[in-house]
Amino acid sequence: MTEPFALAAYLSRWIPAVRHDLAASDSETTTLSDLLDLAGQDDRARWRGLGFGYLDPRGADWLRGAVAARHRRLTADDVLCCAGAQEALAAVVAALLTPRDHAVVVLPIYQPSEEAVTALCGATGVALRETEGWRLDVGEVEAALTPRTRLVLMNMPNSPTGATLDATTMGDLVALCRRRGLWLVCDEVYRHTLNRAPNLAPDRAQGTAAVADLYERGISIDGLSKGFGLAGLRVGWIACRDRRLLEAALNAKNRMSSCLCAASEVLAHVALGAEARILARSRAVGTRSRARLDALIARHPETFGADASHNLAFAFPRYLGPEGADGFARDLARRAGILVLPASLWRSRLGRVPTDRLRIGLGRAGAVPALDALDRHLRVPVP
Ligand SMILES: Cc1ncc(COP(=O)(O)O)c(C=O)c1O
């Protein structure tokens, strides 16, 4: 039996039981009719003529072209569409890793991503340095390499910490990977909700460029599930300049799902065409929630540490109460019907991950009323 997926199990247990969801990391979704209102002529024609046979397993060329256009020097043939970012990541690691290989995984990371690697080969975890603002020490990555290391995997911008890499660190990491002939695989699903407010120094923003644009062996994993609020479309992708890698990933992906859903391809194309509008809305929601959370934290300094995460999808403050983050989160769900995620859910077998923090989702329209409910709960003395 495989290890339980702690985060998914927690959500299944608590989502039906709570009134307020501060667990989500995706942005507020949209209705089909609102999305179709954003469609141009070509997409309207595609939608009207939609059929449901098997499709190009790589994704329609017009969809891959729209993804490629978001990168600096990619074309449609440098993109492989998959059923969500998670399938994209699974296809990449399946294409690259054998039991003889070794991988370095930057922690914390989404549990299924770590397990996609460790199911295939040995791996070493390198933790972001909490005491230094979740800095990645590239020297530690180098020290973890073995002659068998084939790839470095990270999720950046990172969940749950909200960390980003500054341009120097990203440059050093790319230089290390290039020197050692390593693939650099980056799950970039939280780039769309990066907080570009003044607290994000310009070099931090540069450091969040897609790795496929920075490095010939950089593999960017992305999709529409988070900032676009379209997780139900199940559209993700791999972007990489190396065509042989994409061929091998296609070979792996074809064993999981042969093609995307035809309706999702059209709707994904509509969303990419309306990216500025959709993301502006997501950012507006996230910005409002973040302001409300900052005010709440300022009112309850005995309960929460300040949050410095660089993302509008979620925050990751330290919980300071005596019962610890796990106990608080469970009690909050049970007594107040408010769901937040204790950091311990980011399980890892490769290293220590923080356990004294809470990930608080900011992207949904319901986040502000949920934060107000949390504020009221914190004002009520514990019986
Ligand atoms: C870091 C990270 N990567 C990937 C995923 C899954 O993305 P998708 O729904 O597009 O497969 C998640 C979902 O929570 C995530 O947090």
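Counting convention: from 1, in listed order, for ligands and their atoms alike.
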Between [Y] and [X], is there a salt bridge with N-O shorter than 4.0 Å?
X	Y	result
D372	R376	no
R178	E216	yes
D375	R292	no
R64	D77	yes

Give me the pairs of N or O atoms, one from ligand 1 and one from the protein, that sit under 3.5 Å apart.
residue, atom, partner, partner atom, Å
ligand 1, 3 (N), D187, OD2, 2.5
ligand 1, 9 (O), S225, OG, 3.2
ligand 1, 9 (O), R234, NH1, 3.0
ligand 1, 9 (O), R234, NH2, 3.4
ligand 1, 10 (O), A85, N, 2.8
ligand 1, 10 (O), S225, OG, 2.7
ligand 1, 11 (O), A85, N, 3.2
ligand 1, 11 (O), Q86, N, 2.9
ligand 1, 11 (O), R234, NH2, 2.9
ligand 1, 14 (O), K226, NZ, 2.6
ligand 1, 16 (O), Y190, OH, 2.8

Closest approach of S309 to T161 (non-hydrogen atoms, all atoms of both residues):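 Taking S309 first and T161 second, the nearest heavy atoms are CB-O, 3.3 Å.
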
- prompt: Is any side-chain heavy atom of S25 closer than 4.5 Å to a side-chain heavy atom of R359?
  reply: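 Contact flag for S25/R359 side chains = yes.
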
